[in-house]
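Take a look at the structure below.
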Amino acid sequence: MGAEAVSLSKVREFAAKLSVWAHLATVGADGEPDVVPVHPCWDGDVLWVMVGTDSVKSRNVSVNDRVAMHWQVTENGDGVEVWGRATVLADLETKRRLWTGVFDYDLNAFAPGGPDESPDTAFMRIDVDRAVILRMYGAAGIERWARP
Amino acid sequence: MISLHDVRTDSARYGPLAYVATVSSAGEPHVAPVAVAWFGDSILTFVRTDSRKVANLRMNPRLSVHFAVGPGTNWDSCIVWGNAFVVDDDRGRTELWDKMGYDLSPFEPGGPTAATHVFLRIEPDRATILRNYGIAGREQWRR
């Protein structure tokens, strides 16, 4: 089955109907993959993930900024995978801006000190450059988006 | 420190679906959902021969497996790292054909000798179990 082209906004809309959880893959300096569950949120066309400054994923993107993320699939196998480049931001301005209004869950549950008193907390910015929508693991259709 | 047996036992809580991460020759990660099953101390999965993960593993056998998370398991995580071997010969596929715990025929009507699917046999060398994202504890195993 051939793949159809879609817009990034359609990818976002489709992903919003899936689980809030996604599996984020990064690559270590030794070339080893790592995959962990995250709760990403869109801010326009950018994806954000709350991270620990010393987490494996944060350390990995400091040496290889390529990441892939697959939303946890639905019962019938619908899913979205995106690829992009990631940077970890721990500056106060970014933390204050993202702390309220961007994420759909309360960040204070994981970092009670809030943006000003959580020095071990940062945010991973993912600039998506391509994506794929998979219906029924791809058996019922595949749609792709790539940054022009 | 826990044993591989403990990892196997814990992984059964999450169901048969897991997310496997591989790396391309260009250093780009890829992550995909797969059905997995334990076969002795190995983890098996049955995938398309022309899939990106198989292409990646032929270049770099390192792989990371993350079992699906959910409220039913209190958001615990089980992550396994290891080397994956691509079983793409008729004898190997035939030996593993009935080891996945579900009928593979609907996915590969050509049976175990069809070249369009392969098994990945993953040999774990370390694993981590995170209780409630690690907030409630972390257990590790290493070969």
Side-chain angles (χ1 to χ4, degrees), chain A residues 18-39 50-52 54-57 60-61 63-86 105 109-112 126 129-130 132 134 136-139 142, chain B residues 14-35 46-48 50-53 56-57 59-71 73-84 106-107 122 125-130 132-135 138:
Chain A
L18 306 175
S19 168
V20 297
W21 299 101
H23 295 260
L24 174 70
T26 58
V27 184
D30 57 358
E32 176 151 285
D34 184 64
V35 55
V36 291
V38 294
H39 185 153
M50 187 187 197
V51 297
D54 194 40
S55 63
V56 171
K57 53 187 171 297
N60 283 355
V61 301
V63 294
N64 179 349
D65 65 355
R66 298 298 309 180
V67 300
M69 187 159 62
H70 201 300
W71 268 259
Q72 196 147 292
V73 296
T74 62
E75 281 189 14
N76 68 343
D78 290 346
V80 165
E81 182 174 14
V82 300
W83 292 264
R85 294 188 182 276
Y105 66 97
F110 297 89
I126 301 172
D129 50 40
R130 65 186 206 277
V132 58
L134 298 161
M136 284 184 66
Y137 301 104
I142 300 173
Chain B
Y14 309 94
L17 193 65
Y19 292 78
V20 296
T22 58
V23 184
S24 74
S25 57
E28 181 171 78
H30 172 63
V31 57
V34 295
F46 185 64
V47 297
R48 285 189 60 86
D50 62 359
S51 63
R52 187 188 306 268
K53 50 191 162 298
N56 286 351
L57 290 166
M59 303 297 293
N60 175 357
R62 295 301 296 171
L63 174 145
S64 178
V65 181
H66 194 297
F67 290 82
V69 297
T73 48
N74 197 33
W75 310 108
D76 291 350
S77 285
C78 181
I79 312 163
V80 175
W81 291 264
N83 286 319
F107 303 94
I122 301 158
D125 48 43
R126 64 189 174 96
T128 296
I129 297 169
L130 299 172
N132 194 227
Y133 307 110
I135 297 169
R138 163 189 304 248

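The structure displayed is predicted, hence computed values, not measured ones. Chain A is the first sequence line, chain B the second, and so forth, proteins listed ahead of strands; every chain is numbered from 1.
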Please look at [X] and chain A and tell me whether the side chain, the backbone, both or neither of the residue comes under 4.5 angstrom of a heavy atom of that chain.
X      : value
B:V20  : neither
B:L63  : backbone
B:F107 : neither
B:L130 : neither

**Prompt:** Is B:P29 close to A:P33 at the side-chain level, that is, under 4.5 Å between some pair of heavy atoms?
**Reply:** no
**Request:** Carefully, step by step, assess B:W75 and A:F110 under the rule ring pair (Phe, Tyr, Trp, His ring centres under 6.0 Å).
**Result:** CA-CA 14 Å; B:W75 310 108; A:F110 297 89; over 10 Å; no
**Asked** Parallel, tilted or perpendicular: which fits the ring planes of B:Y19 and A:H23, with parallel below 30° and perpendicular above 60°?
**Response** parallel
Please give me the minimum heavy-atom distance between [X] and [Y], naming the atom from each residue.
X     : Y     : answer
A:V36 : B:H66 : CA-CD2, 3.7 Å
B:A21 : A:D34 : CB-O, 4.5 Å
A:V35 : B:V31 : CG2-CG2, 4.0 Å

**Request:** Could you tell me which portion of A:N64 (side chain, backbone, both or neither) has an atom closer than 4.5 angstrom to a non-hydrogen atom of chain B?
**Result:** side chain
**Prompt:** Does A:Q72 reach the main-chain N or O of B:V69 with its side chain, forming a donor-acceptor pair under 3.5 Å?
**Reply:** yes
**Complete:** Value for CG (B:N83) from CD (A:E32), rounded to nearest 0.5 Å, stands at 8.5 Å
**Item:** A:E81 with B:R52: basic N within carboxylate O range, under 4.0 Å
**Value:** no
**Side-chain ion pair, A:R130 and B:E28, N-O less than 4.0 Å** = yes
